[in-house]
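Everything on this sheet refers to the single structure shown next.
Small disclaimer: the values here were computed from a predicted structure and weren't measured. Worth knowing before you read on, the calculation uses all heavy atoms, side chains too, and leaves out hydrogens, waters and symmetry mates.
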Amino acid sequence: MQYINVPFLTVNNVIRSFSYEEFQRLTQDYKNLYTEDIIDIYIQSSVKDNPNEHKIDSFFRLLLMEYIGLNVFYKDILKVFIGYDYLMGIHSSNSLEDIIPQIEELGLYVERL
């Protein structure tokens, strides 16, 4: 988001995988991993949220753990998706070539399409 100067992302089509009670049951043994922000997002995320860079990580954590499904984008500039086995795809109208070395330094694999 910072690299392409996007102030927020739009989140829509939020689908919760479990009821709140089931979510609590599934996460009770790992309470130290689920901050109040993450729990609030699971409970209160609406059909259309616009999380900033500080809140979007909680959406992605829930998405990676398959507790929620959603679409994440910034109109006409950026679309992000999470696929099976922690695959993250980023589609951007701007070139991302200059940031790829920094991503690889984090130990992540980048596949250019």
Side-chain angles (χ1 to χ4, degrees):
M1 289 175 64
Q2 292 172 348
Y3 179 74
I4 59 176
N5 201 24
V6 172
F8 62 87
L9 294 173
T10 299
V11 171
N12 70 11
N13 297 330
V14 176
I15 300 169
R16 289 172 192 79
S17 300
F18 308 100
S19 68
Y20 176 63
E21 292 77 21
E22 183 67 8
F23 176 77
Q24 282 185 309
R25 189 187 67 73
L26 291 169
T27 60
Q28 69 185 357
D29 292 338
Y30 310 100
K31 289 185 190 245
N32 59 330
L33 299 176
Y34 296 91
T35 64
E36 297 236 357
D37 287 342
I38 291 176
I39 293 168
D40 287 345
I41 286 172
Y42 189 83
I43 297 167
Q44 299 175 12
S45 57
S46 67
V47 173
K48 192 167 189 176
D49 274 333
N50 292 323
N52 62 25
E53 64 186 274
H54 304 292
K55 191 175 174 186
I56 195 65
D57 68 323
S58 295
F59 276 94
F60 282 124
R61 288 173 192 261
L62 289 167
L63 187 58
L64 283 165
M65 294 181 286
E66 299 181 353
Y67 288 126
I68 61 173
L70 48 85
N71 295 325
V72 181
F73 61 94
Y74 190 84
K75 188 176 181 187
D76 299 329
I77 295 177
L78 181 70
K79 181 179 179 184
V80 181
F81 69 90
I82 303 292
Y84 178 74
D85 207 15
Y86 299 109
L87 170 76
M88 175 184 265
I90 299 173
H91 300 268
S92 174
S93 62
N94 301 338
S95 173
L96 300 175
E97 279 301 313
D98 291 343
I99 198 170
I100 289 176
Q102 293 174 18
I103 295 169
E104 291 174 332
E105 285 177 16
L106 294 171
L108 300 173
Y109 173 75
V110 176
E111 179 179 333
R112 294 169 174 90
L113 298 177

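Atoms CZ and CG, from Arg25 and Asp29 in turn, are 9.5 Å apart once rounded to the nearest 0.5 Å. In this structure, Arg61 CZ and Asp37 CG are separated by 10.0 Å, a value rounded to the nearest 0.5 Å. For the atom pair Asn5 CG and Ile77 CD1, the distance stands at 9.0 Å (nearest 0.5 Å). Note: Asp40 CG to Ser58 OG = 9.5 Å, rounded to the nearest 0.5 Å. Remark: Ile103 CD1 to Ile100 CD1 distance equals 6.0 Å, nearest 0.5 Å. Rounding to the nearest 0.5 Å places CD1 of Ile82 at 9.0 Å from CG of Leu70.
Put simply, the side chain of Thr27 never gets that close to the backbone of Tyr30: no donor and acceptor are under 3.5 Å apart.
Leu62 approaches Tyr42 most closely through the heavy-atom pair CD1-N, 3.9 Å. Across all their heavy atoms, Arg16 and Ile43 have their closest contact at NH2-O, 3.4 Å. Nearest heavy atoms, Ile68 versus Leu63: O-CD1, 3.2 Å.
Contact annotation: the side chain of Asp98 approaches that of Tyr3 to within less than 4.5 Å [non-hydrogen atoms, C-beta and beyond].
Through chains of ILVMFWY side-chain contacts below 4.5 Å, Phe81 is grouped with Leu87.
By the criterion of side-chain heavy atoms lying less than 4.5 angstrom apart, applied directly or through intervening Ile, Leu, Val, Met, Phe, Trp or Tyr residues, Ile15 is not grouped with Phe18; the two fall into different hydrophobic clusters.
Residue pairs meeting the side-chain hydrogen bond (donor to acceptor under 3.5 Å, both in side chains) criterion with at least one partner in residues 62-79, sequence neighbours excluded, are Asn12-Asn71, Tyr34-Tyr67.
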List the atom pairs, donor and acceptor, that lie under 3.5 Å between side-chain atoms in residues 104-113 and the rest of the protein, sequence neighbours left out.
residue, atom, partner, partner atom, Å
Arg112, NE, Glu97, OE1, 3.4
Arg112, NE, Glu97, OE2, 3.2

Exercise for the section: Report the C-alpha distance between Val72 and Phe59 in whole Å, list the side-chain angles of each, state the deciding distance to 0.1 Å, and finish with yes or no for side-chain contact (heavy atoms from CB on, under 4.5 Å). Expected result: CA-CA 9 Å; Val72 181; Phe59 276 94; 5.9 Å; no
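Among the candidates Val11, Val6, Val80, the single residue satisfying the side chain to side chain contact (heavy atoms under 4.5 Å, CB included) test with Ile56 is Val11.
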